[in-house]
Amino acid sequence: KPQLAYVGPTYSQAKRVAWAYLKDYAEPYLSKPPQEAELKVTLKNEATIYVLGADNADSLRGMYLDGCVPDEYALFKPSVFSQVIRPALSDRHGWAIFASTPRGKNLFYDVCQIAKNSDDWYYLNLPADTSGIITPNELAELQKDMDPEEFAQEYLCSFDSALKGAIYASEVNMLFLEKRTKEGDLYDANLPVHCAFDLGFTDATVCIWFQLGKDGTTRLVACEMTTGVDIFYHIEKLHAFPGEIGDVFLPHDARAKNLQTGRSIVEQFLKEGITPRVVPNHKVRDGIAAVRRLFPTITVDTGTTGDLLEAMKSYRRQWNDNLGIFSDIPLHDWASDYCDCLRYVAMACAMLGFQAVANSKAGTIAPSLGYNLETLHEDNAWKFESTRRIA
């Protein structure tokens with residue numbers, strides 16, 4: 001009873017791209033009608049083929065797979081294959097086919113490099129100018145209608161084209177050029193570990209653990225993304241941490257009361273003996289500017305921060321077709337969950353009195369000015385406590 005799956009970046013995208021094809025090609029071999037609710041077909045030999053989405057990776061857990069096709073793999077969270085799909089293939093000695101359009105040098109680029117340098121992999125590159133699928137005349141017209149980088153990415157399978165709209169492209173490049181990515185040896189047991197949360201009420205929750213080094217560095221020592229767990233999971237991790245916990249930072253909406261419990265997230269932390277600090281509400285563009293100022297000081301532990309570095313590469317603005325420009329609003333996808341939390345880290349550093357010096361490799365810790373975003377917010381809170389009327 002083999003099970004196979006086509007996995008798209010999102011469930012809705014996978015359904016639009018593959019479901020109609022699957023039903024058409026499977027029709028002569030079906031043992032019963034396709035199951036529309038589960039996007040599943042069952043064949044006469046008892047094989048089952050699913051159409052799934054990588055946006056909810058937990059829904060794939062527990063399956064066994066004899067074969068899997070992750071499509072547009074450049075848009076996947078890196079952990080989806082390593083933590084979910086790969087274990088599902090292991091006991092069946094299953095196979096996987098990675099297919100994608102390049103989108104910069106990300107995890108799909110890494111897979112291609114492995115494939116090209118290994119006898120255990122099959123590698124196929126199909127640029128449009130040699131595959132023969134698209135006529136030369138059409139390619140010539142496409143080149144007139146598209147900018148060179150866009151054409152190289154979409155039709156020539158170029159990994160060197162920059163990801164369009166990437167927000168931290170130059171900052172991430174400098175991170176690698178200055179060798180500020182390390183695997184291990186970044187955590188300092190003599191320094192407190194602060195943590196910032198991006199609380200996901202309908203999507204993922206991300207927590208970044210960081211230290212402020214005496215040399216002026218911001219050390220991102222750990223990162224975790226979770227879905228489907230309650231806040232007490234994170235509180236227990238804080239209590240179980242073996243080192244010194246510094247300040248815990250929550251987003252501004254953590255003050256809102258939950259309709260089910262009648263308590264806010266802040267109140268739940270307080271009840272468990274943890275006094276959190278709340279990051280002031282701010283515009284996304286201001287938070288991005290704060291991250292850019294902080295970036296020259298950032299060092300990342302690649303061994304303990306999971307998908308954070310890939311998220312920094314993939315975080316990008318939405319393209320507005322009506323206006324012909326990139327929107328101020330970043331694209332909301334898996335990378336935005338991580339980078340929203342990174343914004344809270346930047347705001348938290350300001351609240352802790354850490355000020356990065358622009359154009360500096362390491363940055364410095366400047367003396368506190370006696371006020372910060374949090375104190376300014378508190379000073380003006382009285383204005384919003386009650387409705388005032390001018391007679």
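Because only heavy atoms are used, hydrogens play no part in the values below, and waters and symmetry mates are left out as well, while side chains stay in.
At a threshold of 4.5 Å between non-hydrogen side-chain atoms, the residues Tyr344 and His282 count as touching. The shortest distance between side-chain heavy atoms of Met351 and Pro280 falls below 4.5 Å. Between Ser314 and Trp334, the closest side-chain pair of non-hydrogen atoms falls below 4.5 Å. Side-chain contact between Asp55 and Tyr11: present, with at least one pair of heavy atoms (C-beta onward) separated by less than 4.5 Å. Side-chain contact between Trp95 and Leu4 is present, with heavy atoms from C-beta onward closer than 4.5 Å. At least one side-chain heavy atom of Val300 sits less than 4.5 Å from a side-chain heavy atom of Met312. Counting only heavy atoms from C-beta outward, the side chains of Trp19 and Val41 approach each other to under 4.5 Å. Residues His194 and Val248 have side chains not in contact (no heavy-atom distance under 4.5 Å, counting atoms from C-beta outward).
Taking the six-membered ring wherever Trp is involved, the centroid distance between the rings of Phe241 and Trp209 falls below 6.0 Å. Phe81 has its ring centre less than 6.0 Å from the ring centre of Phe98.
Heavy atoms only, all atoms of each residue included: Lys40 and Tyr50 are closest at CD-CE2, 3.2 Å. Scanning both residues, Asp301 and Gly184, for their nearest heavy atoms gives OD1-N, 3.0 Å. The two residues Asn117 and Gln113 have their closest heavy-atom pair at ND2-O, 2.8 Å. When all heavy atoms of Tyr338 and Ala311 are compared, the closest pair comes out as CB-CB, 3.5 Å. The two residues Ala96 and Leu89 come nearest to each other via the heavy atoms CB-CD1, 4.1 Å. Residue Gly216 comes nearest to Phe354 through the heavy atom pair O-CZ, 3.3 Å, listed as atom of the first residue, atom of the second, then distance.
With Gln211 contributing its side chain and Asp188 its backbone, the two residues share a donor-acceptor pair below 3.5 Å. Judged by distance alone, with hydrogens and angles left aside, the side-chain atoms of Thr48 form no donor-acceptor pair with the main-chain N or O of Gln3 at under 3.5 Å. Glu72 places no side-chain N or O within 3.5 Å of a backbone atom of Pro9 that could act as its donor or acceptor partner. A donor-acceptor pair under 3.5 Å is formed between the side chain of Thr135 and the backbone N or O of Glu138. The closest donor-acceptor contact from the side chain of Arg92 to the backbone of Gly67 lies at 3.5 Å or more, if one exists at all. A donor-acceptor distance shorter than 3.5 angstrom exists from the side chain of Ser100 to the backbone of Ala74, with no hydrogens or angles considered. Side-chain atoms of Thr217 never come within 3.5 Å of backbone atoms of Arg219 as a donor-acceptor pair (strictly under, hydrogens ignored). Listed for the Gln83 side chain is no donor-acceptor partner under 3.5 Å among the backbone atoms of Val80. Counting only distance, with no hydrogens or angles, the side chain of Arg277 and the backbone of Ala348 share no donor-acceptor pair below 3.5 Å.
Counting heavy atoms of neighbouring residues, nucleotides and ligands inside a 6.0 Å radius, atom OH of Tyr25 does not exceed 12 of them. Within a 6.0 Å radius of CG in Asp24, other residues, nucleotides and ligands contribute more than 12 heavy atoms. Atom OH of Tyr155 is surrounded by 12 or fewer heavy atoms from other residues, nucleotides or ligands within 6.0 Å. Within 6.0 Å of atom CZ in Arg86, 12 or fewer heavy atoms from other residues, nucleotides or ligands are found, so the atom counts as exposed in its surroundings. The environment of Tyr29 atom OH is sparse: at most 12 non-hydrogen atoms of other residues, nucleotides or ligands sit within 6.0 angstrom. The environment of CD1 in Ile329 is sparse: at most 12 heavy-atom neighbours from other residues, nucleotides or ligands sit within 6.0 Å.
The pair Asp307-Lys77 does not meet the salt-bridge criterion, since no charged nitrogen lies less than 4.0 angstrom from a carboxylate oxygen. A salt bridge links Asp333 with Arg316: the distance from a Lys NZ or Arg NE/NH1/NH2 to an Asp or Glu carboxylate oxygen falls below 4.0 Å. Salt bridge status for Lys23 with Glu36: present, with a side-chain N to carboxylate O gap under 4.0 Å. Taking the charged nitrogens against the carboxylate oxygens, Asp340 and Arg343 do have a contact shorter than 4.0 Å, which makes a salt bridge.
A side-chain donor from one of Thr218 and Thr297 sits under 3.5 Å from a side-chain acceptor of the other.
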I'd like to know whether Asp337 forms a side chain to side chain contact (heavy atoms under 4.5 Å, CB included) with His332, so could you lay out the CA-CA distance, the side-chain angles of the two residues, the decisive distance to 0.1 Å, and finally the verdict. CA-CA 8 Å; Asp337 292 329; His332 183 68; 3.9 Å; yes
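For residues 228-247, the pairs satisfying side chain to side chain donor-acceptor pair (under 3.5 Å) are Glu224-Tyr233, Glu224-Lys237, Thr226-His234, with sequence neighbours left out.
Leu75 and Val17 fall into different hydrophobic clusters, defined by Ile, Leu, Val, Met, Phe, Trp and Tyr side-chain heavy atoms under 4.5 Å apart, directly or through other members. Under a hydrophobic clustering in which Ile, Leu, Val, Met, Phe, Trp and Tyr are joined whenever their side-chain heavy atoms come within less than 4.5 Å, directly or via other members, Val51 and Val7 fall into different clusters. The hydrophobic cluster containing Val69 does not contain Leu107, counting ILVMFWY residues as joined when their side-chain heavy atoms lie under 4.5 angstrom apart, directly or transitively. Taking hydrophobic clusters as Ile, Leu, Val, Met, Phe, Trp and Tyr residues chained together by side-chain heavy-atom distances below 4.5 Å, Phe210 does not share a cluster with Leu191.
No option in Leu352, Val345, Ile208 other than Leu352 meets the side chain to side chain contact (heavy atoms under 4.5 Å, CB included) test with Phe249.
Atom CG of Leu52 and atom OH of Tyr6 lie 11.0 Å apart (nearest 0.5 Å). One distance of note links OG1 of Thr227 with CG of Asn56; it measures 6.5 Å at 0.5 Å rounding. The structure places OG of Ser336 at 12.5 Å from CG of Leu342, a figure rounded to the nearest 0.5 Å.
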